[in-house]
Protein chains: 2
Amino acid sequence: MAKIETLTRPQLETAYEKLKEAIEKRKTVLLIGTCHVDYRGRASSKLESGERIAIVKEDGALLVHRPKGYEPVNWMPGGNTKFHIGIEKIENGNKILILKAVRSKPTESVAVYFETIELLVVSELVDSGKFSLYASEHDMQKAILMEPSILEEGFKPISFEKKVEPGFVDVYGIDSEGRLVVVEIKRRTAGREAVLQLAKYIDSIKQKVSREIRGILVAPRLAKGTQRLLDTLGLDFKALDPKKCAEILSKPKVRGLEEFL
Amino acid sequence: MAKIETLTRPQLETAYEKLKEAIEKRKTVLLIGTCHVDYRGRASSKLESGERIAIVKEDGALLVHRPKGYEPVNWMPGGNTKFHIGIEKIENGNKILILKAVRSKPTESVAVYFETIELLVVSELVDSGKFSLYASEHDMQKAILMEPSILEEGFKPISFEKKVEPGFVDVYGIDSEGRLVVVEIKRRTAGREAVLQLAKYIDSIKQKVSREIRGILVAPRLAKGTQRLLDTLGLDFKALDPKKCAEILSKPKVRGLEEFL
DNA sequence: GAGTGGATTTCGCAT
DNA sequence: ATGCGAAGTCCACTC
């Protein structure tokens with residue numbers, strides 16, 4: 001069971017002591033209070049005073065959350081973050097608790113200035129639960145390699161993530177007629193960008209090989225104007241649902257390729 | 001001052017009541033406890049049991065944070081999220097508190113299953129503080145438009161964010177010799193991708209205009225192999241620091257263009 | 001250490 | 001609503 005310590009409306013000095021100790025001991029801290037925030041580094045930002053939630057995690061990650069939105073308004077990724085905690089007097093004689101996170105690559109810092117603290121929670125969370133994600137682009141690639149017929153009948157993969165000049169070809173193979181096939185995979189609706197990427201690969205390969213080359217764009221669906229562009233460039237499209245791919249991977253029927261992946 | 005209500009190790013039933021009411025009233029809720037999480041939608045994920053922090057924001061955003069890392073392990077962006085809260089009995093006779101967030105575009109859901117709750121905090125945060133970010137790519141663009149000489153002497157901008165076939169040209173102008181100039185701006189180290197993007201714009205414009213066209217890539221610095229690619233394609237590079245651009249914008253000297261931006 | 005591309009990317013803006 | 005590209009993107013992986 002998590003050990004949790006809770007302080008409601010602590011004095012800033014009390015909060016300072018607790019915060020300092022908790023961060024030194026790499027505990028997880030949660031703060032709710034009125035603060036303003038400055039960020040300096042790759043860019044700079046200024047957040048004026050308001051009530052927010054701040055979290056300092058075990059690994060030194062810092063998050064400042066406003067009461068709306070998925071993203072933190074200010075943050076610092078964990079890993080190489082150093083913290084400086086202090087109390088300062090401001091103009092009106094009031095005190096302010098400063099929580100500053102600094103890292104050096106890239107050089108940047110987030111300083112949170114707490115005017116008041118409504119709640120401070122220090123906890124030691126135990127979390128070794130496994131996280132698994134299914135139906136990523138990588139899953140789609142694996143599915144095509146394990147069961148090439150989902151791309152088209154007779155397709156035989158040769159290699160994958162092959163380096164060609166402009167980048168990496170997702171899958172590379174031969175179709176039933178013996179033509180070279182370059183496959184570009186997108187896990188979401190494919191737009192112009194995906195098509196141009198595929199075209200670029202093909203163009204680059206054409207300059208080296210004199211064989212006929214086909215390009216197939218694989219994605220759950222095409223963005224609106226995209227079919228026309230595909231036609232213009234003479235490329236094919238194959239609709240493929242990432243979830244279907246995840247299903248294919250979940251029932252292991254083709255065993256041979258597994259160590260290959 | 002934020003109104004805050006705190007429950008330490010509440011019964012699941014008590015937590016259920018509080019949670020239901022808080023979410024109905026669009027308050028911000030913070031939960032610490034042992035849970036497992038399922039996500040289904042664009043992809044699927046499964047997170048096994050462990051101690052985590054869950055936050056439900058006013059706008060319906062849901063975040064589940066592990067004790068490490070900048071990113072939430074599971075989440076749902078706010079806006080059109082609907083919540084379903086319930087208590088269920090599981091095999092061993094124990095109960096479980098279910099917090100499920102659902103949205104329909106895209107169709108997906110996150111279900112958090114709390115086995116125990118260490119802490120539940122309900123608060124109404126008041127936050128109207130203004131957030132300002134400086135030195136974005138947009139700031140760089142504005143700086144070039146307001147003070148074109150930072151790009152090069154004699155440069156005269158014609159338009160910006162101009163649509164050409166593959167996308168949008170950041171800035172478009174004429175140099176001191178009267179040649180057309182296409183400017184591609186990156187706020188970070190520019191790599192091959194940025195160069196290819198610029199090349200594509202120029203290529204597309206060349207097919208329409210018969211004038212000589214120059215391309216200038218603007219970024220704080222170039223990635224390693226990138227200079228060679230620029231040379232090959234006959235493009236120029238101009239080092240420009242986003243922060244310097246932000247400074248230029250902060251001291252308003254050229255007034256004429258302002259309403260233009 | 002830098003480069004490269006994916007992400008349940010999210011977000012915002014323009015069409 | 002859809003498309004499109006930026007982001008303090010972060011992150012994992014390769015060279």
Side-chain angles (χ1 to χ4, degrees), chain A residues 37-45 61 69-79 103 105-110 131 133-141 161 163 166-170 184-194 196-197 221-226 242-243 246, chain B residues 37-47 61-62 64 69-79 101 103 105-110 131 133-141 161 163 166-170 184-194 196-197 220-226 242-243 246:
Chain A
V37 186
D38 284 343
Y39 159 72
R40 295 201 163 262
R42 292 167 290 178
S44 5
S45 76
Y70 152 84
E71 290 176 314
V73 60
N74 281 111
W75 71 90
M76 188 75 91
R103 69 165 168 177
K105 265 180 53 174
T107 305
E108 52 189 355
S109 67
V110 174
F131 178 71
L133 178 65
Y134 313 98
S136 60
E137 178 175 319
H138 199 71
D139 279 359
M140 294 179 73
Q141 193 190 103
E161 281 162 26
K163 175 93 169 132
F168 293 84
V169 168
D170 288 335
E184 173 66 30
I185 304 171
K186 290 291 159 199
R187 68 171 308 287
R188 305 189 290 172
T189 306
R192 197 157 46 217
E193 212 167 345
L196 291 171
Q197 199 174 329
R221 67 187 200 90
L222 279 180
K224 204 149 51 148
T226 314
K243 273 181 275 188
Chain B
V37 187
D38 284 342
Y39 159 71
R40 299 207 158 256
R42 291 167 290 178
S44 4
S45 76
K46 183 179 185 166
L47 174 62
L62 167 68
V64 181
Y70 152 86
E71 290 177 314
V73 59
N74 282 110
W75 71 90
M76 188 75 91
R103 69 167 168 177
K105 263 179 51 159
T107 305
E108 52 188 354
S109 66
V110 174
F131 178 72
L133 179 65
Y134 312 97
S136 59
E137 177 174 319
H138 200 71
D139 279 359
M140 293 178 75
Q141 192 190 104
E161 281 162 25
K163 175 95 169 130
F168 292 84
V169 167
D170 288 335
E184 174 65 31
I185 303 170
K186 290 292 160 201
R187 68 170 308 287
R188 306 189 291 170
T189 305
R192 200 157 43 219
E193 212 168 347
L196 291 170
Q197 199 174 331
R221 66 186 202 92
L222 278 181
K224 199 140 60 137
T226 315
K243 274 182 273 189

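Order of the sequence lines fixes the chain letters, A, B, ..., with proteins taken first and strands second; residue numbering starts at 1 for each chain.
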Taking side chain to side chain contact (heavy atoms under 4.5 Å, CB included) as the definition, give me every residue that meets it alongside A/P72, ordered by chain and number, with sequence neighbours left out.
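Testing A/P72 for side chain to side chain contact (heavy atoms under 4.5 Å, CB included), a comparison that skips the adjacent residues, returns A/L63, A/H65, A/W75, B/Y70.
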When A/R187 is tested against each of A/H138, A/M140, A/Q141, A/K243 for side chain to side chain contact (heavy atoms under 4.5 Å, CB included), which residue passes?
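Result for side chain to side chain contact (heavy atoms under 4.5 Å, CB included) with A/R187: A/M140.
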Which residues pass the side chain to side chain donor-acceptor pair (under 3.5 Å) test with [X], not counting sequence neighbours?
X	answer
A/R40	none
B/S109	none
B/D139	none

Given DNA chain D, 5'-ward residue of the pair A/T189 and B/E184, judged by closest heavy atom
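Its nearest nucleotide being more 5', the pick is A/T189.
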If you find the nucleotide of DNA chain D closest to B/K186 and the one closest to A/K224, which residue's nucleotide is nearer the 5' end?
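The residue whose closest nucleotide sits nearer the 5' end is A/K224.
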Which part of the nucleic acid does A/Q141 contact within heavy-atom distance under 4.0 Å: base, sugar-phosphate only, or nothing?
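Nothing, no heavy atom under 4.0 Å.
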Using atom P of each nucleotide, how far apart are C/dT4 and C/dT8 to the nearest Å?
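My reading of the P atoms in C/dT4 and C/dT8 gives 23 Å.
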Without decimals, in angstroms, what is the distance between A/Y134 OH and C/dT8 P?
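Rounded to whole Å, this separation is 13 Å.
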In whole angstroms, how far is the P atom of C/dC11 from the NZ atom of B/K105?
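Taking NZ of B/K105 and P of C/dC11, I get 15 Å after rounding.
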Which nucleotide in D/dA6, C/dA2, C/dA7 has an atom nearest any side-chain atom of A/E137:
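Of the candidates, C/dA7 comes closest.
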Which residues pass the ring-ring contact (aromatic ring centres under 6.0 Å, His included) test with A/Y134, sequence neighbours left out?
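Listed in chain order: nothing, the list is empty.
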Sugar-phosphate means primed atoms, P, OP1 and OP2; the rest is base. With that split, encode nucleotides 8-15 of chain D 5' to 3' as B, S or - using protein heavy atoms under 4.0 Å.
BBSS----
